[in-house]
Amino acid sequence: MDVHHAAGTALSQLSAGPPPAPMAAPRFSETCERILASVDQVIDGKAEASRVALTVLLAQGHLLVEDVPGVGKTMLAKTLARTIDCSVSRIQFTPDLLPSDVTGVSIYNQATRQFEFRPGAVFANIVIGDEINRASAKTQSALLECMEEHQVTVDGTSYGLSEPFMVIATQNPIEMEGTYPLPEAQRDRFMARISMGYPDEAAEIEMLESHQSESPLLSVQPVAEASEVAAMIETVKDVYVSDPVKEYTVALGKATRTSDRLRLGASPRAILQLLRAAKARAALDGRDFVLPDDVAAMAPAVLTHRLILDRRAAGAGLTAAGVVEALVASVPLPSDGASRLRRQG
Amino acid sequence: MVTTAPAPSAPPPSGPERPPHPAERPGERLARWRRGRAWRPAAVGLCLGASIVGAALSYDGVLRGWAWMYPIAVVVFATSGAVAVARLLRAPHVVPSLVGAVVWVLSLSTLFARDTTLLGVIPTAKTLDALSDALSEAWNTISFEAVPASPNVGIVALISGGLGLTAIVGEAIGVSCRMPALAGVAPLSVLAVPALLKPAGPGGWGFALAGAAYLGALALARAEAAARRATRSDGAAVSPARVAAIIGAVVAASLVVPALIPGFDSGSFPEGSRLKYFGQNVGLNPFISLGSDLRTGNGVGIIRYATDSTQPVYLQTETVDSFDGSTWGPDNRDDQRQHNLDSISPGTAQTAPLITTTTVIATGNFTSPYLPVPYAPISVTGVQGRLGWDPINLSIKGEPGASLGQNYVVRSVAPSLSAGELSAARSAPKGIGRETSSVPSNVPALVRNTAETITKDATGSYGKALAIQAYLRTFTYSEQAPVQLGYDGTGMDVLEKFLEKKSGYCIHFSAAMAVMARLVGIPSRIAVGFAPGHPTGSTIAVAGVGSLPEYQVDARDAHAWPELYFEGLGWVPFEPTPSRGALPAYAQTDSPSGTSTNLDSINEGLRATPGASASAAAPTPSPSATAAARPASAEPAAAGVTVGILVVAILLLLPATIRAGQRRRRLARGIEGAWEELEALGRDHGMPPDPADTPRTYAERLASWEADDGGTLRQALATLARTYERYEYGRPGYRPDDDTARSAVATVARAGRARSSRVTRVRIAALPPSAFSRRKNAKGRASRAVKRALPWLRRQLRRVFNRQR
């Protein structure tokens with residue numbers, strides 16, 4: 001078991017504080033650019049992955065990074081956490097990790113003769129769960145409940161988690177011996193899943209140079225405050241979604257359910273998270289309204305890990321990602337005439 | 001600790017095992033069948049079959065009687081029924097059609113060649129022979145008989161087989177290929193035959209039944225398609241009441257609308273272009289084919305003859321002497337015909353001096369059972385085949401098509417008549433059949449009164465006959481008027497209409513004179529044949545007679561004229577039809593023939609001037625009318641060419657004009673219209689928007705038109721796409737700059753033109769594909785228009801209502 005606590009663990013009993021004010025558009029873009037530039041210093045040639053990670057952070061989702069060992073999963077998570085001046089905790093999941101290690105535990109204080117709550121690793125703004133599939137299902141569940149509810153309840157008392165709150169879990173799909181793969185229901189809690197993939201040749205050479213002496217992670221300085229990120233999240237919430245885009249999102253979800261190549265389609269939660277991710281992407285792109293393009297762009301990352309391929313499709317060598325791409329390319333945009341009518345009427 | 005996760009020892013399930021689609025149980029299958037998935041395709045086929053049988057009703061008038069209807073209905077319904085049963089049993093792919101084909105063969109065998117089949121059903125080699133015989137019989141009927149044809153086994157077998165096959169093919173198109181609308185060609189092809197053959201068109205009942213059954217098939221197919229689409233739910237089927245209402249409305253409209261709009265009187269559909277519903281059928285009728293012949297305008301079936309008569313002769317083919325009932329036709333006395341064509345005896349006593357005429361006739365490709373001969377023939381030599389002459393009216397008749405390619409010599413006798421002899425002759429029905437003097441029972445009062453009025457001052461049979469003829473010669477000759485005004489055909493009601501409108505062609509004139517003659521006591525009949533025609537200018541050497549002038553007649557000379565009986569003189573022809581035929585000397589009166597006019601000018605305008613001998617006898621229409629008609633014909637021709645060129649030019653420019661109008665309207669509508677115009681440009685240049693295209697992706701695709709122009713196109717497209725997506729998906733209230741959008745569209749249009757070849761540019765300009773494509777939001781726009789119109793309509797109604805109060 002390996003639980004690190006970063007400085008400034010935020011522990012607060014659940015209280016409804018006023019939400020931070022949304023951030024103005026130019027400052028939003030500028031902050032985003034700073035964060036992405038900082039991440040790109042460390043992770044070479046993975047701009048799209050770091051962009052999706054930031055999108056998920058701003059959309060208040062959680063990220064599942066799935067790939068073979070050594071491609072920088074943990075590095076991405078750590079860098080993102082470090083660029084933001086916020087609390088970070090990292091949990092190395094192992095089979096003997098207990099749920100209380102994640103959530104925290106009440107301990108009897110001899111001096112005060114009272115139970116005292118010792119917060120677990122989840123009490124941080126960014127929680128990095130390494131190799132989440134190595135922990136028991138019970139421990140996984142404990143983390144996933146925190147993810148969903150943004151709070152921890154121990155001995156009848158609820159403790160709110162500080163905002164922003166994001167779990168970045170990594171998972172190794174190759175080495176499955178002695179692992180507890182996340183069931184579909186649990187995977188559904190993650191807003192998006194990304195695969196790092198191998199860097200291209202140039203990026204790899206650059207990596208060899210930059211990582212030779214010392215980890216570039218050490219040189220990363222925070223470029224944004226946690227409060228700034230919270231304000232950015234508020235900005236994302238304000239992004240406008242027109243009816244045609246909602247219709248399109250629903251149509252996309254419906255297409256996954258009716259596709260004969262999929263055994264399990266997208267859940268309503270998946271659709272909700274898809275739209276949230278699309279809003280964050282729109283904001284990252286400097287817009288205050290969502291385009292169908294945003295939905296289409298986020299669909300592979302948001303939907304793929306929730307879908308189960310039909311056996312015949314799997315046998316034919318199709319992948320869930322391929323099916324989602326085909327659906328995006330085929331689902332028609334809602335007729336603009338009808339939407340205009342609604343806008344006018 | 002709040003987590004209640006399972007113990008780590010139990011591995012979590014790898015995924016939901018329950019498949020989303022549970023396997024169909026047998027009970028469910030039955031339930032699904034009951035819900036109506038299986039019966040609809042079967043019913044579509046049956047409806048198409050019914051529409052074919054309905055359409056077959058219009059063969060009344062193509063075939064005589066109604067006996068043919070039963071085998072047709074049996075074959076079509078047996079075939080469609082078999083296909084439907086196969087559909088009910090969910091037979092796959094082509095199996096239903098194959099089943100239909102088998103039943104088709106069986107039903108044809110058992111109906112038309114039962115003696116040759118095994119067990120009355122299974123066809124044998126002999127059945128094939130029998131059916132091939134039937135086919136050749138049908139071929140004979142088609143080649144040689146005029147409508148309505150006799151419903152012999154051959155033609156009925158052919159029609160039954162054809163319609164059965166049509167039913168199978170129509171069903172396959174409608175159900176197997178899922179193109180129910182296209183399956184309408186099946187009943188349509190059935191209706192096409194009577195539409196072409198019957199002057200009155202297919203008739204209302206057949207059309208209505210075929211149309212109703214076809215619409216029923218369409219409605220069922222639509223419900224089936226809706227059910228097929230709604231795979232997860234039961235699907236919203238079309239309500240039967242709505243379907244019934246729509247069917248009723250469409251059929252009613254199709255019957256009413258043609259009556260309200262003027263019909264065509266020229267062009268490809270000069271007749272039969274409107275339905276003649278619920279009226280009497282014209283029946284076996286040489287008159288109708290005669291009318292059609294006259295209207296064809298081009299000479300077909302040329303007959304040549306050479307005669308030693310001083311005047312060109314009328315060629316008579318058949319005679320109509322019974323006018324009772326609604327249909328008039330020639331005699332049906334085939335059993336009494338005599339076959340010794342060497343000695344034909346007129347049968348009526350002749351007191352006047354007779355002139356014998358020798359005529360050599362070559363019928364060419366004139367096809368009829370009757371032989372055209374000058375009246376009254378006393379001998380016919382050189383005829384091929386077995387023909388017989390009727391003792392009463394001397395018509396010479398053989399098998400259908402007996403007249404084809406005959407060359408024969410006719411010797412005929414005609415009394416040398418003069419006015420004096422005719423005035424002296426009595427016109428008593430003596431020595432002739434009663435049917436030529438019996439007044440039809442259903443003569444309208446108008447005809448009766450007219451006959452009485454015009455013959456009031458005339459004395460004697462001859463005088464009365466001349467009075468009637470003179471009266472009728474004041475009418476207008478027109479082959480089109482009866483068709484346009486709906487009284488083409490025969491029967492007393494037609495006659496009444498003719499006397500009202502004072503316009504018609506030889507049938508009407510001759511029938512009117514014949515009936516009125518009987519009303520005043522003169523036996524009469526109508527001779528059908530050909531007016532004298534015109535000389536060819538060449539001569540024919542005939543053995544024993546010498547060199548004779550040759551004449552030729554064709555379909556445009558088809559004619560009918562009345563013959564009145566005068567005792568001792570026999571049947572005397574008259575010519576009440578103005579501007580047709582030749583008015584005999586004895587029938588000439590003082591009445592001015594110039595008052596009559598020929599509306600159609602067929603005889604004068606198109607034909608060569610008859611030779612001197614003919615023109616002397618031919619009645620000449622007023623010279624002034626002819627003179628006026630000649631130069632006038634050049635001007636209309638020029639005008640016609642101009643109008644034609646204009647029409648062609650308009651037609652050529654129409655797509656471009658439509659496209660220009662669309663562009664103007666779109667660009668006036670702001671960014672939305674500008675985007676529509678951009679999509680139209682894409683369509684025109686072969687890059688239409690995909691339904692899954694977003695503004696951004698479409699603009700990206702169009703950017704491939706970029707020539708090396710410094711990114712102007714890319715910039716214009718980006719501007720358009722950014723503006724449009726903000727307008728379409730952004731917060732309401734965005735007011736984009738329309739001029740920028742317009743100039744961006746212009747840039748894209750330029751880029752599109754620049755990348756296409758000259759030929760492509762011309763093609764796009766002449767036939768812009770976007771002008772013909774249905775825009776994806778057409779439906780939305782229609783619904784918006786309706787939505788806008790509804791409150792307005794409501795306001796107007798309320799206003800009217802308030803005013804009423």
Side-chain angles (χ1 to χ4, degrees), chain A residues 95-96 98-100 102-103 105 135-145 152-155 180-186 240-242 244-245 248 257-258 260 262-265 287-293 296 308 310-311 328-333 335-341 343-345, chain B residues 1-21 231-232 669-672 675-676 679 689-700 721-722 724-734 775-788 791:
Chain A
D96 58 353
L98 293 174
S100 57
V102 175
T103 57
V105 66
S136 70
K138 196 174 180 179
T139 312
Q140 287 174 357
S141 295
L143 175 68
L144 294 165
E145 282 201 21
V152 173
T153 305
V154 175
D155 295 341
Y180 304 94
L182 291 178
E184 277 72 23
Q186 311 275 39
Y240 175 76
V241 184
S242 60
V245 173
Y248 177 65
R257 289 168 212 160
T258 52
D260 55 359
L262 294 173
R263 192 150 64 94
L264 181 69
R287 270 178 284 114
D288 66 342
F289 58 92
V290 180
L291 289 181
D293 303 80
I308 302 178
D310 187 77
R311 284 194 185 86
V328 166
S330 68
V331 170
L333 246 62
S335 150
D336 42 2
S339 69
R340 202 127 294 279
L341 184 70
R343 280 158 61 106
Q344 286 167 353
Chain B
M1 184 78 57
V2 286
T3 50
T4 52
S9 56
S14 65
E17 287 306 308
R18 186 185 58 82
H21 319 292
T231 44
R232 298 284 153 93
R669 266 181 34 231
I671 179 66
E672 196 185 359
W675 188 261
E676 253 174 42
E679 290 184 333
D690 187 81
D693 262 338
T694 65
R696 221 166 254 227
T697 52
Y698 188 49
E700 196 58 40
R722 295 290 181 275
Y724 178 63
E725 62 191 15
R726 176 167 285 272
Y727 173 77
E728 183 64 26
Y729 302 111
R731 290 176 203 276
Y734 172 61
R775 282 189 303 280
K776 68 174 180 179
N777 58 355
K779 205 173 158 188
R781 292 218 284 158
S783 78
R784 180 175 34 174
V786 168
K787 214 166 176 175
R788 271 194 200 139

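All values below come from the heavy atoms of this structure, side chains included, with hydrogens, waters and symmetry mates left out. In what follows, chains are A, B, ... by sequence order, proteins preceding strands, each numbered from 1.
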- Note on the structure: Across all chains, not counting sequence neighbours, the side-chain hydrogen bond (donor to acceptor under 3.5 Å, both in side chains) partners of B:Arg696 are B:Glu725

- Task: Check B:Ala692 against A:Ala329 and note the closest heavy-atom contact, atom names and distance.
- Result: CB-O, 3.1 Å

- Looking only at heavy atoms, the pair that brings B:Tyr729 and A:Leu291 closest together is CD1-CD2, 3.6 Å

- Item | Side chain, backbone, both or neither of A:Val328 within contact of chain B (heavy atoms, under 4.5 Å) | backbone

- Measure distances from A:Val102 to the heavy atoms of chain B and classify the residue's part below 4.5 Å as side chain, backbone, both or neither. neither

Do [X] and [Y] have side chains that approach each other closer than 4.5 Å (heavy atoms only, starting at C-beta)?
X	Y	value
A:Phe289	B:Arg726	yes
B:Thr697	A:Asp293	yes
A:Pro244	B:Glu728	yes

- Would you give the length of the straight line joining atom CG of B:Asp693 to atom CG of A:Leu333, rounded to the nearest 0.5 angstrom? 8.5 Å

- How would you list, by chain and number, every residue that makes a salt bridge (Lys or Arg N to Asp or Glu O under 4.0 Å) with A:Asp310, sequence neighbours excluded? A:Arg312

